> 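First, the structure itself, so that you have it in front of you.
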Protein chains: 2
Amino acid sequence: MATIRDVAKLAGVSVATVSRVLNKNSYVNKDTEQKVVKAIEQLQYEPNTVARGLAGKETGTIALILPDISNPFFPVIARGVEDVAQRHGYTVILCNSDDHGQKEKGYIEMLRKKYVDGMIFASSTLSEEDVEQMRKNKIPLVVLDRALTSQSYSVIRARNYEGAKLAVRHLLDIGCKKIAHLYGPQEMITAKERLQGYEDSVKHAPWYTPSLMLPGHFHMDGGLRAVKDLMEKHSDIDGIFCGNDLMAVGALKGLHQLGIRVPDDVALIGFDGISLTEITQPELSTIAQPNYDMGKLAAEVLFEAIQSGVVQPKLYELEVTLIERDSTARKPTDRP
Amino acid sequence: MATIRDVAKLAGVSVATVSRVLNKNSYVNKDTEQKVVKAIEQLQYEPNTVARGLAGKETGTIALILPDISNPFFPVIARGVEDVAQRHGYTVILCNSDDHGQKEKGYIEMLRKKYVDGMIFASSTLSEEDVEQMRKNKIPLVVLDRALTSQSYSVIRARNYEGAKLAVRHLLDIGCKKIAHLYGPQEMITAKERLQGYEDSVKHAPWYTPSLMLPGHFHMDGGLRAVKDLMEKHSDIDGIFCGNDLMAVGALKGLHQLGIRVPDDVALIGFDGISLTEITQPELSTIAQPNYDMGKLAAEVLFEAIQSGVVQPKLYELEVTLIERDSTARKPTDRP
DNA sequence: TAATATTGTGTAACCGGTTACATATAAATT
DNA sequence: AATTTATATGTAACCGGTTACACAATATTA
């Protein structure tokens with residue numbers, strides 16, 4: 001492979017000049033530039049990213065740290081990130097943290113040693129200490145689904161609270177008379193906000209009682225188990241808002257096992273808008289958040305920070321939309 | 001951040017000695033080693049991966065190139081790869097090729113410039129030319145789901161042919177009298193082998209006719225459309241073997257729309273064993289291939305090649321297993 | 001016209017490691 | 001005791017870029 005010195009020799013100039021042509025960051029005579037360009041083409045020269053990285057420039061690499069790529073919520077986000085990165089000539093290192101603080105720390109350490117140009121976090125366990133470390137090392141940082149508590153990173157999130165209200169409103173609109181909620185781990189701000197949205201929507205209803213809120217851990221099994229508990233305690237509920245789609249799928253399974261019909265007996269709505277919701281029977285209504293766009297935006301914001309060299313911490317809140325499907329397809333008149 | 005020269009100074013030795021302690025590849029006196037180790041600890045020194053990479057050593061990075069991480073078939077494989085990599089202290093660069101040769105070439109070029117230590121391909125479009133390029137650059141390569149045609153890489157694959165036979169046999173066992181097959185893109189060896197397995201299983205059956213084999217493009221929509229065509233032409237079929245689970249999900253949807261009951265009227269079985277099959281109603285029977293293990297094995301084989309420095313091209317064929325679920329839950333006596 | 005600013009290019013140090021080569025001492029062999 | 005071999009360490013070149021600094025030529029300003 002040709003090096004910058006080969007190019008310099010062929011063009012009859014110094015390596016510094018070649019470097020200047022490549023980076024367009026200093027004066028270069030038009031004619032000289034032409035000579036260099038010609039030499040580069042002739043040798044099919046491509047600058048070496050590793051050497052460049054070592055010399056203090058960008059390494060052309062960003063990292064995406066998420067809990068688990070096999071959780072169907074993340075692949076689309078990852079795809080959004082990767083598409084943008086690819087367009088910028090960057091590659092993406094994928095890390096599965098399992099929401100495990102220690103594993104996360106290990107990754108951060110490793111990535112720092114690799115001089116990654118920036119990181120995107122989709123994880124609820126990112127510690128302030130880690131954030132501080134990255135700030136010190138001037139590694140730009142973008143975080144998904146967090147509160148904006150630090151002055152050193154931008155946050156991308158969906159309007160969870162509003163989405164939750166939207167979901168409950170929809171259930172009420174189709175005539176639900178008693179609505180339960182399955183919520184996720186309260187360390188996650190998304191889970192918390194969705195629960196809050198539910199609570200604020202229903203707390204003044206005559207039928208409201210705290211036991212209508214059950215934990216489902218954002219997982220399918222959790223949803224399944226929770227819904228069975230729920231129906232035992234409250235056999236008269238006719239609507240369930242699940243804090244995420246995975247739990248909704250589990251709930252649907254559970255209801256089916258109990259012989260309860262969806263949406264006729266109980267209407268069901270999830271949150272996230274992952275593709276799973278289209279393959280259940282009945283298809284699941286959901287509050288969709290723009291997952292691909294979240295990944296895309298995260299990457300765009302990150303590159304903005306990388307290129308400008310300044311971190312302008314900012315909060316991006318993305319709109320969510322109600323997607324009505326069969327699991328809430330009930331005429332208001334069905335249940336007088 | 002401390003450098004190797006800082007360590008050398010503190011320990012009162014040369015950088016070469018420090019490097020030797022680090023790499024354990026030459027003589028170092030026990031006492032000297034102790035001094036160096038102490039200095040390393042004191043300074044919390046960690047060798048810089050980028051510098052190491054430039055100096056001709058490993059970069060601690062491998063690449064995983066697959067068509068699309070948002071295709072539910074791949075996340076689990078990716079997870080398998082990443083887990084092994086992480087255990088070896090490596091990071092994984094994720095690339096989405098969209099099965100687009102040109103994009104793939106671009107990635108390979110980029111990854112070569114980054115000195116990745118090896119690549120794993122899960123893509124049907126990898127060209128011989130690219131393979132040759134990587135062989136020349138001595139970049140170890142492991143490929144998923146391909147025929148073993150080259151002497152320069154190992155292949156990990158599932159027993160597709162046998163799996164297809166297993167699927168058809170199962171449908172026959174539960175009493176199916178006329179079985180159709182939806183197949184995937186024939187450029188993919190997996191699709192081809194599964195089709196072959198079906199054909200060989202049924203070609204001597206009295207009801208066999210080529211029009212029982214329809215293309216479904218390995219996608220949900222394709223499966224849905226194909227099944228509608230199919231039922232129009234052959235309203236009497238009572239079993240469908242789908243070349244992958246995604247098509248089976250589509251087929252299930254299609255059958256449901258046509259008012260055909262699964263498994264009572266038509267039994268349905270897929271291939272792959274992705275998690276989607278557990279959330280449909282009815283749950284889908286499938287021929288499961290060990291996706292996580294395939295990713296894991298791919299990475300292990302790759303690291304073996306990286307560490308030994310020799311490519312020992314080998315074919316790994318993994319077993320598949322029949323998973324019986326509701327979509328084929330029919331007593332042989334149900335249909336006399 | 002002299003002084004100053006702008007443009008253009010090369011030399012060499014630097015990023016942070018690895019390693020070929022040289023050299024020295026201790027241990028083993030003849 | 002002399003020679004060979006194994007052990008131990010340092011010096012400096014190298015990987016392939018970037019860039020501070022020096023210097024020259026040209027353009028602009030006073």
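Note that the structure is a prediction, hence the values are computed from the model and not measured. Within every chain, numbering begins at 1; the chains are lettered A, B, ... in the order of the sequence lines, protein sequences first and strands thereafter. Atoms considered below: every heavy atom in the structure, side chains included; atoms not considered: hydrogens, waters and symmetry mates.
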> Sorted by first residue and then second, give each side-chain hydrogen bond (donor to acceptor under 3.5 Å, both in side chains) pair with at least one member in residues 296-308 of chain B; sequence neighbours left out.
none

> Quick one: are Ile156(A) and Arg146(A) in side-chain contact, heavy atoms under 4.5 Å?
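Ile156(A) does not reach Arg146(A) side chain to side chain.
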
> May I have all residue pairs that pass salt bridge (Lys or Arg N to Asp or Glu O under 4.0 Å) and include part of residues 14-43 of chain A, sequence neighbours excluded?
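Only Lys30(A)-Glu33(A) qualify under salt bridge (Lys or Arg N to Asp or Glu O under 4.0 Å).
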
> Taking only residues two or more places apart in sequence, or in another chain, which ones meet Asp68(B) in a salt bridge (charged side-chain N to carboxylate O under 4.0 Å, His left out)?
Arg79(A)

> Using atom CG of Leu22(A) as one end and atom C1' of dT19(D) as the other, report the distance to the nearest whole Å.
14 Å

> Among residues at least two apart in sequence or on other chains, which ones pass ring-ring contact (aromatic ring centres under 6.0 Å, His included) with His100(B)?
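In terms of ring-ring contact (aromatic ring centres under 6.0 Å, His included), with neighbours along the sequence ignored, His100(B) is linked to no residue.
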
> Could you pull out all donor-acceptor pairs under 3.5 Å where a side-chain atom in residues 52-65 of chain A meets a protein atom, sequence neighbours excluded?
unit_1: Arg52(A); atom_1: NH2; unit_2: Asn23(A); atom_2: OD1; d: 3.2
unit_1: Glu58(A); atom_1: OE1; unit_2: Tyr90(A); atom_2: OH; d: 2.5
unit_1: Thr59(A); atom_1: OG1; unit_2: Tyr115(A); atom_2: O; d: 2.7
unit_1: Thr59(A); atom_1: OG1; unit_2: Asp117(A); atom_2: OD1; d: 3.2
unit_1: Thr61(A); atom_1: OG1; unit_2: Thr59(A); atom_2: O; d: 3.2
unit_1: Thr61(A); atom_1: OG1; unit_2: Lys114(B); atom_2: NZ; d: 3.1

> So how far off straight is the helix from dT1(C)-dA30(D) to dT30(C)-dA1(D), going by the axes through five pairs at either end, to 10°?
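End-to-end axis angle: 40°.
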
> May I ask you to evaluate whether Asn25(A) reaches the phosphate of dT19(D), defined as a side-chain N or O under 4.0 Å from OP1 or OP2?
yes

> Report the residues that fulfil salt bridge (charged side-chain N to carboxylate O under 4.0 Å, His left out) with Asp130(B), sequence neighbours left out, ordered by chain and then residue number.
Lys105(B)

> Round to the nearest Å and state the distance from Lys114(B) atom NZ to dG17(D) atom P.
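Taking atom P of dG17(D) as the reference, NZ of Lys114(B) is at 15 Å.
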
> With Arg135(B), which residues qualify under salt bridge (charged side-chain N to carboxylate O under 4.0 Å, His left out), at least two apart?
Glu132(B)

> Take atom NZ of Lys113(B) and atom P of dG17(D), then tell me their distance rounded to the nearest Å.
10 Å

> Can you check each nucleotide of nucleotides 8-16 of chain C against protein heavy atoms at under 4.0 Å and return B for base, S for sugar-phosphate only, - for none, in 5' to 3' order?
BBBBB--BB

